[in-house]
Amino acid sequence: MAVLKTVDLEQRIGAAVLLNKVSLSVEKGEIFAVIGPTGAGKTTLLRLINLLDRPTAGDIYFDGQKITDPSCDVVKVRRRMAMVFQKPAVFNNKVYENVAYPLKVRGTHGKTERSDVYQLLETIGLGGYARRKARTLSGGEAQRVALARAVVTKPDLLLLDEPTANLDPVNVKMIEGLVMQFNRERGLTVIMSTHDMQQAHRVAGRIGVLMNGRLVQVGSPDDIFYSPDNARIAGFVGMRNLFRGYIVRNEAGIAVVNIDGRDIQAVSDLPAESSVEIHIRPEDVVLAMTASAGSARNSLRCTIRSLSSNGPLCTVIVDCGFPLEVLVTDRSAIEMGLSQGQEVYASFKASAVRALPSMQR
Amino acid sequence: MQEIWQALGQAVDLIVSLDTEVIQISLRSLYISGCSILIAALFCVPIGGLIHFHDFSGKRVVINIIQTFYSLPTVVVGLLVFLFISRSGPMGGLELMFTPTAVVIGQVILIMPVLTGMMINALSGVDRAIRDTALSSGASNTQAMWAILFEARFAVVGALILGFGRAISEVGAAMMLGGNIRGYTRILTTAISLETQRGDIVLSLALGIILISIAMVVSITMNILLQRY
């Protein structure tokens, strides 16, 4: 059952459209990530769901109840949710008081809850910090306190607005771990916004892509990462090797695509003459000294333009009429003796080429 | 220079020997200004909150006007209240003239602009995120306001100390409205004024030192109380 549903949700401030007809549905117990670049409307969406702001149009249903209804008891609804904000916000008070605040405003701060708070502080790794002043905590610690404060009331829905945007990698990992733990152990439904694609991939079961206030694609992480609906999403999710081209001909699902005068083969159903955005994942390309005789339909002669090692992997940019980024292991780069200016063959399967209908028409 | 040391000695003497009149004058000062700040706070904390939490056209102008009245001269306040409560004034029938109540009224009016202005400043200093955090933690609007007020507590107490300081140190209104009646409306500042005119510089200085000491004790006490939270 959908815990949360938005229908044609719209938010405008003056002439600016922050959210444009966003309709999404979040199921009980899932972690749903809203990804999108800065300014896409992620925060706006979460604030609307938490009833911190009012939408200009559209409705939100929480557990079947229309919470955008003017007669709806806002405080009562909010008390079944919780939200963690991007900037770690703690009350200028003791850590314990911070975590216990939601219980106190509900008037349910009894003995069991008291031990719940201490338990929760242990869980977030701040066991001995109850009497510490929250303001003296580091950003990561403060954000963990904010997370504990959010889950202390065992809400039905947890909203996380870029909870790790300003944190160091260790704390990012901890927060992600805690969110997944709460989700697993308590069946907590989570909606999390992030601009970090990898994070969405690590944490979420489903992802919604928000761009310029529109929800442009919803799907599993693999759907979004490997089959983005259009080139803009592809570019945003961090895809390399995006090229513009057109289909010369299509024979039984194998299309010949012309990119800057060079033909490559791709698996595609798009008809000839279509303008396409081509994407080739860098790790799907193999470099060899000779033309490939294997199953790869594409084997392009090219020149190495640059090599840059980043630990175990090496990014090689080759020029095959268009600049192609290739990812090889550092070790094989050394073994093959790859060097700048060298002539090599770049091979990849037709199925490794993804052709997306171009938005430029 | 000699006089300052003499005054210090005499101040200590007066305090240690529990000089009845000096103790009475000091307590009266404390009482009158304490009442003034409490009454002013009763009005100004909500008014400051009202102005801060609501957006309305002309808000900036209102704040500017309030800030202008920071420089309200004490004698002008004295004069205005005098016009109201003197026998021929609209509130003359209440016979408030030359009573401690009259002094309190004057001091309340005197410190209200400062207190309101400082309240607005104090609340503006609180991060917006605090309100959002309180609300999304399930707080009602009232509870969220308390959370913000609590967050601003250091600045709020600072404002109260400032208001108290302005009240206990003013002499114009107290002189015009209280009349410096011995044993009734004589407070530290009016006593200092009188003793200086009489030529008892040392006693004046001693009273001045006591006044400063009171202010210091009040400020330290408030801050110690604040540290607990």
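Labels below follow one simple rule: chain letters A, B, ... track the order of the sequence lines, proteins then strands, and each chain is numbered from 1.
Residue Lys76(A) qualifies as open at atom NZ: its count of foreign heavy atoms under 6.0 Å is 12 or below.
Heavy atoms of Asp127(B) lying under 4.5 Å from chain A belong exclusively to its side chain. Contact of Arg47(A) with chain B is made through the side chain alone, with heavy-atom distances under 4.5 Å. With a 4.5 Å cut-off on non-hydrogen atoms, Val90(A) touches chain B through its backbone but not through its side chain. If you measure heavy-atom distances from Met81(A) to chain B, the contacts under 4.5 Å come from the backbone alone.
Without hydrogens or angle criteria, Arg149(A) side chain to Thr133(B) main chain gives no donor-acceptor distance under 3.5 Å.
How far CG of Leu135(B) is from CE of Met83(A): 11.5 Å, rounded to the nearest 0.5 Å. Taking CD1 of Ile49(A) as the reference point, atom OG of Ser136(B) lies at 13.0 Å (rounded to 0.5 Å).
Looking at residues two or more places apart in sequence or on another chain, you find a ring-ring contact (aromatic ring centres under 6.0 Å, His included) between Phe91(A) and Tyr101(A).
Across Asn93(A) and Phe150(B), no two heavy atoms sit closer than the pair ND2-CE2, 3.2 Å. Smallest separation of non-hydrogen atoms from Asn92(A) and Arg153(B): O-NH2, 2.6 Å.
Contacts from residues 50-65 of chain A to chain B, taken as heavy-atom pairs separated by less than 4.5 Å, involve Asn50(A), Leu52(A) in sequence order.
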Which is it for Val75(A) and Gln143(B) under the side-chain contact (heavy atoms from CB on, under 4.5 Å) test, yes or no, and what are the steps along the way? CA-CA 11 Å; Val75(A) 176; Gln143(B) 286 171 325; 5.8 Å; no
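Taking Ala134(B), Ala129(B), Ser140(B) one by one and counting their heavy-atom pairs under 4.5 Å with chain A, the maximum is reached by Ala134(B).
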